[in-house]
Participant: 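After the structure tokens below, expect a handful of questions from me.
When reading the values below, keep in mind they use all heavy atoms of this one structure, side chains included, and skip hydrogens, waters and symmetry mates. Here, residue 1 is the first one in the sequence, and each next residue gets the next number. Note that the coordinates shown come from a computational prediction; the quantities given were computed from them, not determined experimentally.
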Amino acid sequence: MKEAVGQAHGKIILIGDHSVVYGSPSIAVPFQAADVSVTLSAAGNHSHIVSDLYEGAVRSAPDSLDGLVGLLNLLRRDHEVEHYHFMITIQSSLPIERGLGSSAALSVAFIRAFYRYLDQPLSSQTLLHYTDYAETITHGNPSGLDARVTALNQPLFFKKGEIQEPFHFDTPYWLLVCDTGVPGHTKEAVSEVRSHFESRFSTRRQATHRAIASLGQLVNQMRQALIETTTTPHTASHGKHLGQLINAAQRELRTLQVSSPELDAGMNYVIEHGALGAKLTGGGKGGCFYALVEDEASGETLSHALMEQQLVRDTWLMPFSSEGMGHALQDSDAEDTNSGRQ
């Protein structure tokens, strides 16, 4: 029986969460500590999904899989294979609804598997087109950042509709990524920020506009700080400055009311115990946060402490450097220009 497999990683927004929707820049990197794999094989008269989240007919899939279902229907129509039915098997180590780009990763993995199944080449442009379609179903008005970092699999300096620029940096620091275990609510958070941005109450509207503008400024400052850390001899002031920018971004996200008690509890703990900075990543209202730490050993110590205190469900530790963050899925890069035959 013919099978085709597609894979993808998630993403971490370093800075620029929410403000990116309003045309401000952001910086994001692939999250390669976890991934999503989709396997397609032929089914009978109906398509089926097999996953930890849901197992059953596509037509009865839960709302959380609307993006995937919409994508399946569009791809079959566009490629004139409406009569094709698939067994869609999803394997994922990427937690869902945590702000790590799980929906974009699922879409990217599915599109790659679909094109491989049809033995057709897949360009980056086509991959982004279909991923954006699915992300619109899932999130309403996405910036396109998740789709691009996940599909292109490299760190990006991104501005909606304008810039999609590979961003390379190198620091001696580490990122400790922490899952609170509480689902985030990206669509709800984006909608609430929009309502505050357009509020009839001038004080609320102005506070939201100022927070969005400040986040945009902090992104540019972070970019410059990372460039300086990469290109000049390292000093302790580099880490302190990066931490200050991260903390400042988190304060603005609190102003936007997208943080949560569990996020704040974890971030307060790591700051009190030596982290240089900490902020949520993604939509917020639950989900994940990250902490900037001096070195791997410091990250491991904080990770163990957070788990012992039951402040997080899971943690991942990664070097804070673009080196090694992108292009881990070498076969994925190849399928953007080759047929990807099985």
Participant: Taking all heavy atoms of Tyr173 and all of Val293, pick out the closest pair and write down the distance.
Facilitator: CB-O, 3.4 Å
Participant: Can you tell me if Glu262 uses its side chain to pair, donor with acceptor, with the backbone of Val182 under 3.5 Å?
Facilitator: no
Participant: Please answer: with hydrophobic residues joined when any side-chain heavy atoms are less than 4.5 Å apart, are Ile27 and Ile227 in the same cluster?
Facilitator: yes
Participant: Between Arg223 and Phe157, is NZ or CZ placed under 6.0 angstrom from the six-membered ring centre and within 45° of the ring axis?
Facilitator: yes
Participant: Identify the two heavy atoms, one from Val108 and one from Ala8, that lie closest to each other, and give their separation to 0.1 Å.
Facilitator: CG1-CB, 3.7 Å
Participant: Is the side chain of Asp35 donor-acceptor paired with the backbone N or O of Ser93 at a distance under 3.5 Å, no angle test?
Facilitator: no
Participant: Give a yes or no on whether Glu82 atom CD has more than 12 heavy-atom contacts from other residues, nucleotides or ligands under 6.0 Å away.
Facilitator: yes
Participant: Whether the side chain of Thr138 engages the backbone of Ala134 through a donor-acceptor N/O pair (distance < 3.5 Å, no angle test) should be reported.
Facilitator: yes
Participant: Evaluate Leu176 against Tyr290 for side-chain contact (heavy atoms from CB on, under 4.5 Å), listing each step before the verdict.
Facilitator: CA-CA 5 Å; Leu176 177 64; Tyr290 73 77; over 6 Å; no
Participant: Is a donor on one side and an acceptor on the other found under 3.5 Å between the side chain of Thr255 and the backbone of Arg251?
Facilitator: yes
Participant: Could you check if a side-chain atom of Pro155 sits within less than 4.5 angstrom of a side-chain atom of Pro30, using non-hydrogen atoms only?
Facilitator: yes
Participant: Answer yes or no: is there a donor N or O on one side and an acceptor on the other, between the side chain of His238 and the main chain of Ala225, under 3.5 Å?
Facilitator: no
Participant: Of Met222, Gln221, Glu228, which meets side-chain contact (heavy atoms from CB on, under 4.5 Å) against Gln224?
Facilitator: Glu228
Participant: Within the side chain of Arg76, is there an N or O that forms a donor-acceptor pair under 3.5 Å with the backbone of Val81?
Facilitator: no
Participant: Can you tell me how far CG of Leu317 sits from CD of Glu300, rounded to the nearest 0.5 angstrom?
Facilitator: 6.0 Å
Participant: Compute whether any side-chain donor of one residue and acceptor of the other, for Ser214 and Glu252, lie under 3.5 angstrom apart.
Facilitator: yes
Participant: In the single-linkage hydrophobic clustering (I, L, V, M, F, W, Y; side-chain heavy atoms under 4.5 Å), do Val36 and Met87 co-cluster?
Facilitator: no
Participant: Enter the distance from Arg204:CZ to Arg200:CZ here, rounded to the nearest 0.5 Å.
Facilitator: 9.5 Å
Participant: Heavy-atom distance under 4.5 Å between the side chains of Trp316 and Cys178, does that happen here?
Facilitator: no
Participant: Starting from Leu280, can I reach Val190 by hopping between I/L/V/M/F/W/Y residues whose side chains sit under 4.5 Å apart?
Facilitator: no
Participant: Within 45° of the axis and under 6.0 Å from the centre of the six-membered ring of Phe289, does NZ or CZ of Lys279 qualify?
Facilitator: no
Participant: Run the salt-bridge test on Arg313 and Asp179 with the 4.0 Å N-O cut-off and return the result as yes or no.
Facilitator: no
Participant: For the pair Phe31 and Met318, evaluate side-chain contact (heavy atoms from CB on, under 4.5 Å) and give the outcome as yes or no after the intermediate values.
Facilitator: CA-CA 9 Å; Phe31 180 61; Met318 53 196 289; 4.0 Å; yes
Participant: Please identify each residue that fulfils ring-ring contact (aromatic ring centres under 6.0 Å, His included) with His209, with sequence neighbours left out.
Facilitator: Phe197
Participant: Apply side-chain contact (heavy atoms from CB on, under 4.5 Å) to residues Leu100 and Ile12 and explain how you reach the verdict.
Facilitator: CA-CA 6 Å; Leu100 298 178; Ile12 296 172; 4.2 Å; yes
Participant: Just to verify, what does Tyr130 make a side chain to side chain donor-acceptor pair (under 3.5 Å) with, not counting sequence neighbours?
Facilitator: Asp78
Participant: Can you confirm whether more than 12 heavy atoms, excluding those of Tyr84, are under 6.0 Å from its OH atom?
Facilitator: no
Participant: What pair of heavy atoms forms the shortest contact from Ala265 to Leu311, and how long is it?
Facilitator: CB-CD2, 4.1 Å
Participant: Evaluate the side-chain proximity of Glu97 to Pro95: yes if any heavy-atom separation is below 4.5 Å, no if none is.
Facilitator: no
Participant: With heavy-atom distances below 4.5 Å as the criterion, would you say the side chains of Arg112 and Gln7 are in contact?
Facilitator: no
Participant: Assess the pair His79 and Tyr115: is the distance between their ring centroids shorter than 6.0 Å?
Facilitator: yes
Participant: One thing to verify: whether Arg98 and Asp314 come together as a salt bridge, which I'm taking to mean a side-chain N less than 4.0 angstrom from a carboxylate O.
Facilitator: no
Participant: What heavy-atom pair brings Lys11 and Gly99 nearest, and what distance separates the two atoms?
Facilitator: NZ-O, 2.9 Å
Participant: Answer yes or no: is there a donor N or O on one side and an acceptor on the other, between the side chain of His85 and the main chain of Ala42, under 3.5 Å?
Facilitator: no
Participant: Could you work out, with salt bridge (charged side-chain N to carboxylate O under 4.0 Å, His left out) as the rule, every residue matching Glu198, not counting sequence neighbours?
Facilitator: Arg194
Participant: Kindly say whether Gly287 contributes a backbone atom to a donor-acceptor pair with the side chain of Thr180 at under 3.5 angstrom?
Facilitator: yes
Participant: Is there side-chain contact between Asp17 and Leu253, with heavy atoms separated by less than 4.5 Å?
Facilitator: yes
Participant: In terms of hydrophobic clusters joined by side-chain contacts under 4.5 Å, are Ile90 and Val50 together?
Facilitator: no
Participant: Does any N or O in the side chain of Arg205 come within less than 3.5 Å of the main-chain N or O of Ser199, such that one atom is a donor and the other an acceptor?
Facilitator: yes
Participant: Given Asp66 and Asp63, is the side-chain contact (heavy atoms from CB on, under 4.5 Å) satisfied, shown in steps?
Facilitator: CA-CA 5 Å; Asp66 280 353; Asp63 293 347; 4.0 Å; yes
Participant: Would you please indicate yes or no on a ring centroid separation below 6.0 angstrom for Tyr117 and Phe86?
Facilitator: yes
Participant: Can a side-chain donor-acceptor contact be found between Ser103 and Glu135 if the only test is distance below 3.5 angstrom?
Facilitator: yes
Participant: Calculate, to the nearest 0.5 Å, the distance between atoms CD and CG belonging to Gln250 and Leu263 respectively.
Facilitator: 7.5 Å
Participant: Provide the closest heavy-atom pair for Gln164 versus Leu152 in the form atom of the first, atom of the second, distance.
Facilitator: NE2-CD1, 3.5 Å
Participant: Out of curiosity, Leu68 CG to Leu106 CG, how far, rounded to the nearest 0.5 Å?
Facilitator: 5.0 Å
Participant: Grab the two heavy atoms, one from Ala151 and one from Leu128, that are nearest each other, plus how far apart they are.
Facilitator: CB-CD2, 3.7 Å
Participant: Can you confirm whether the side chains of Asp170 and Thr230 place a donor and an acceptor under 3.5 Å from each other?
Facilitator: no
Participant: Any donor-acceptor pair under 3.5 Å linking the side chain of Thr171 with the backbone of Phe320?
Facilitator: yes
Participant: Is there a side-chain hydrogen bond (donor to acceptor under 3.5 Å, both in side chains) between Ser123 and Thr126 once you walk through the steps?
Facilitator: CA-CA 5 Å; Ser123 68; Thr126 299; 2.9 Å; yes
Participant: Answer yes if the side chains of Ser24 and Ser19 hold a donor-acceptor pair under 3.5 Å, and no otherwise.
Facilitator: no
Participant: Verify the ring-centre separation between His129 and Tyr133: is it less than 6.0 angstrom?
Facilitator: no
Participant: Measure the spacing between NZ of Lys160 and OG of Ser26 and express it to the nearest 0.5 Å.
Facilitator: 11.5 Å
Participant: Find out whether Thr89 and Val38 are in side-chain contact, i.e. whether some heavy atom of one side chain is under 4.5 Å from a heavy atom of the other.
Facilitator: no
Participant: Are the side chains of Thr315 and Val177 in contact, using a 4.5 Å heavy-atom criterion?
Facilitator: no
Participant: Any side-chain heavy atom of Ser47 sitting closer than 4.5 Å to one from Leu72?
Facilitator: yes
Participant: Does atom CD of Glu192 have more than 12 heavy-atom neighbours, drawn from other residues, nucleotides or ligands, at distances under 6.0 Å?
Facilitator: yes
Participant: How about Gln125: does its CD atom have over 12 heavy atoms from other parts shown lying under 6.0 Å from it?
Facilitator: no
